[in-house]
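The following block contains the structure, expressed as structure tokens.
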Amino acid sequence: MEQKKRLFIAQPHGVCAGVERAIDTVEEVLKTANGTVWVLHELVHNDFLTEELTRRGVRFTENINDVPDGSVLLFGAHGVGNDVEELARRKKLQITDATCPLVCKLQKAACDAVKNGEKVILFGHKNHPEVCGVLGRLPEETVFPVSSPAEVSALPDLNGTPCRMLSQTTMNTQEIGEVFSAVQKRFPHALPGTGACYATTQRQNAVRKLAEKVDFIVILGSVRSSNSRRLQEIAAACGAESLLLDSAAELPPELLKNRTAVGLSSGASVPEQLFTECVRKLEESGFNEKVIVSGE
Ligand code: SF4
């Protein structure tokens with residue numbers, strides 16, 4: 001008798017509310033804009049969406065100086081700093097802001113902390129647009145970006161100055177806990193602030209649960225997507241082999257051949273269409289019995 005092959009599907013999947021909002025925003029702008037629509041950085045970190053928008057005439061740039069004065073420009077889901085907003089005003093750009101409300105919440109928490117006389121200790125990836133956007137809203141001497149507990153040890157002595165712990169929204173929730181603990185050990189008066197967003201937290205929880213059930217997990221997402229890469233790191237930390245793929249077309253059949261169970265998850269910027277295609281491809285490889293694994 002042929003052995004059953006099971007596909008464990010992480011819930012939630014498809015784009016998060018912040019990415020959906022950014023996509024809806026660019027669609028609205030495309031309906032009304034005369035001339036080229038520009039997007040600073042990527043709208044979200046997903047090649048499929050970037051290519052689709054490029055095909056429809058949207059132009060992406062890493063540098064606001066590339067955008068001709070007076071043009072239509074969107075800020076993507078990761079947000080920007082005051083410096084970029086100021087330059088946009090000077091260039092008389094017609095701005096639409098698609099920053100995710102949860103990134104806005106982080107930016108506000110950072111600005112409020114500094115207004116209250118606190119220093120901000122920000123856990124995140126220093127070159128990620130979200131972190132650059134927060135740093136670009138605060139005077140340099142008020143914020144300390146860190147990417148590990150070791151970097152917390154290397155911070156200068158804050159001499160009892162009030163400080164606030166914040167995190168980029170897409171960091172590993174376990175690492176946020178470790179970094180915040182290191183901060184509190186070093187600066188016992190440090191106050192807790194915002195951590196990972198719910199979309200990140202739920203996806204990470206689901207991958208931890210998947211790793212209890214399978215030893216091989218396929219994760220759909222871009223290597224440039226912070227939340228997708230965290231899912232792969234979490235799978236590895238839980239002892240599961242994993243692959244980070246842009247789409248089902250990259251699924252290597254030889255890796256599926258002798259398996260009887262596979263997990264499937266996706267980053268928060270992966271459209272549902274790509275997820276469904278991957279499920280279909282796994283079904284074609286015999287993984288017909290599906291089990292939902294919820295991270296909620
Ligand atoms: S991952 Fe979180 S912060 Fe980023 S766009 Fe989605 S909901 Fe917003």
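Because the structure is a prediction, the values reported are computed rather than measured. Remember, it's 1-based here, ligands and their atoms both numbered in the order they're listed.
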Name all residues meeting the salt bridge (Lys or Arg N to Asp or Glu O under 4.0 Å) criterion together with E151; count only those two or more places apart in sequence or in a different chain, and write none if there are none.
-> K126
Contacts of K185 meeting salt bridge (Lys or Arg N to Asp or Glu O under 4.0 Å) (sequence neighbours excluded), chain-then-number -> none
Salt-bridged, R90 to E85, with N to O below 4.0 Å?
-> no
Side-chain donor-acceptor pair present, S228, S225, cut-off under 3.5 Å | yes
Tell me, which protein N/O/S atoms are under 2.8 Å away from atom 2 (Fe) of ligand 1?
-> C197 SG
With sequence neighbours excluded, give me every side chain to side chain donor-acceptor pair (under 3.5 Å) pair touching residues 287-296.
-> E283-K290
Pair N159, T161: side-chain N/O donor-acceptor within cut-off below 3.5 Å | no
